[in-house]
Undergrad: 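Attaching a single structure in structure tokens format; questions to follow.
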Amino acid sequence: MNYQEILEKIKTKVEPIYYKEDLGVLNAEVKPSDIKKVISFLKDELKFDWLNFITAIDWPENQNIEIIYYLYSNITKDKVVIRVKLDRNNPTIDTITDIFKTAEWHERETAEMFGVKFLNHPYPKRLLTIDGMDAPLRKDFKCDDLKPLPKD
Amino acid sequence: MGLMNGIDEKFLKKIPGAPVIMTSIEWIINASRANSLWTVTFGLRCCAIEMMHTGATKTDWARFGFEVPAASPRRADVMVVAGTVSKKMVPIVKRLYEQMPDPKYVIAMGACAISGGPFVYDSYSVVYGVDKIIPVDVYIPGCPPRPEALIDGFIKLQKKIMTQKFRK
Ligand code: SF4
């Protein structure tokens with residue numbers, strides 16, 4: 001499948017807010033409430049059986065946190081990227097752990113690195129950072145012993 | 001036992017015609033300690049690969065009396081902190097150190113364990129040197145230090161052990 005075909009099939013289920021093609025891979029942005037629908041549709045009907053990763057990007061100028069789901073199919077060898085924009089001040093989204101079990105640790109990492117709250121996560125504990133540290137990968141992160149890189 | 005470092009005529013005397021050697025208690029205890037150093041089997045990052053290599057056949061640190069990596073910190077004498085200590089690892093490193101019986105020694109291997117190394121700037125997760133949390137005896141610079149450098153560090157540690165005094 002090329003990206004237009006994948007896009008047409010996704011459009012039968014949910015309407016993407018925005019999409020683009022990047023290096024032959026479809027990037028589709030969907031509404032946060034549609035995420036479970038679109039991921040389970042991709043898994044069950046378009047045979048995207050592999051969740052490569054979940055990560056996030058911080059956009060302080062638009063007050064957004066963008067969650068990125070990267071899926072791959074071992075059967076058709078296709079790739080697709082699903083993006084979701086959340087409000088930066090209160091980022092909450094449903095977990096997809098019940099669809100892809102591997103999402104559990106990816107979501108835990110994204111949660112502690114960007115301060116995103118995944119609703120109904122089975123084990124919402126910290127994975128990599130120490131207690132009390134919040135969202136170190138946000139652009140405006142500050143901590144006491146952080147040494148900034150000298151400019152010259 | 002490996003090589004006896006720092007053997008001196010005045011410390012070790014063989015009495016002619018008899019299987020008796022005379023030496024000081026201090027020397028014999030220090031020599032026993034220095035030539036049978038067991039390391040904690042414990043590595044933190046890329047430097048640990050180089051530490052494993054040092055213990056393997058090609059460089060083989062047992063030749064110099066560093067012997068086996070102990071399977072438990074309770075049997076170990078020396079802790080090689082090989083790699084970056086992240087803030088999340090601090091309680092574990094401290095606990096390993098506290099489980100080791102006295103006398104215990106610590107070697108900080110590599111730039112990361114000395115000062116935070118390549119991760120000094122803009123890092124939210126790295127401790128700036130393992131000496132912020134536990135006392136260190138020998139520092140080995142490098143990123144990573146070669147096996148020869150690690151063996152040199154161990155020999156420096158043996159020399160340090162040989163200078164220990166029991167009388168105040
Ligand atoms: S000093 Fe270099 S080789 Fe050693 S742990 Fe740090 S980055 Fe890795």
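If you're wondering where the values come from, they're calculated on a predicted model, not measured in any experiment. Sequence lines set the chain letters: A, B, ... in the order given, protein chains first and strands last, and positions in each chain run from 1.
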Undergrad: Indicate, with yes or no, if A:Val14 and A:Ile96 share a hydrophobic cluster defined by side-chain heavy-atom contacts under 4.5 Å among Ile, Leu, Val, Met, Phe, Trp and Tyr.
TA: yes
Undergrad: Would you please name every residue forming a side chain to side chain contact (heavy atoms under 4.5 Å, CB included) with B:Pro91, sequence neighbours left out?
TA: none
Undergrad: Return the set of residues passing salt bridge (charged side-chain N to carboxylate O under 4.0 Å, His left out) with B:Arg75 (not counting sequence neighbours), or none when no residue passes.
TA: none
Undergrad: Does any backbone or side-chain atom of A:Leu128 lie under 4.5 Å from a heavy atom of chain B? Answer side chain, backbone, both or neither.
TA: backbone
Undergrad: Are there more than 12 heavy atoms of other residues, nucleotides or ligands under 6.0 Å from atom CD1 of A:Ile75?
TA: yes
Undergrad: Taking a hydrophobic cluster as the set of Ile, Leu, Val, Met, Phe, Trp and Tyr residues connected by side-chain heavy atoms closer than 4.5 Å, whether directly or through intermediates, do B:Val80 and B:Tyr105 fall within one such cluster?
TA: yes
Undergrad: Give each N or O donor-acceptor pair spanning chain B and chain A at a distance under 3.5 Å, with atom names and distance to 0.1 Å, or state none.
TA:
residue: B:Lys87; atom: NZ; partner: A:Asp145; partner atom: OD1; Å: 3.2
residue: B:Lys87; atom: NZ; partner: A:Asp145; partner atom: OD2; Å: 3.4
residue: B:Lys88; atom: NZ; partner: A:Thr129; partner atom: O; Å: 3.0
residue: B:Asp122; atom: N; partner: A:Lys147; partner atom: O; Å: 2.7
residue: B:Tyr128; atom: OH; partner: A:Asp145; partner atom: O; Å: 2.9

Undergrad: Who are the side chain to side chain contact (heavy atoms under 4.5 Å, CB included) partners of B:Ala113, not counting sequence neighbours?
TA: B:Val81, B:Ala108, B:Val130
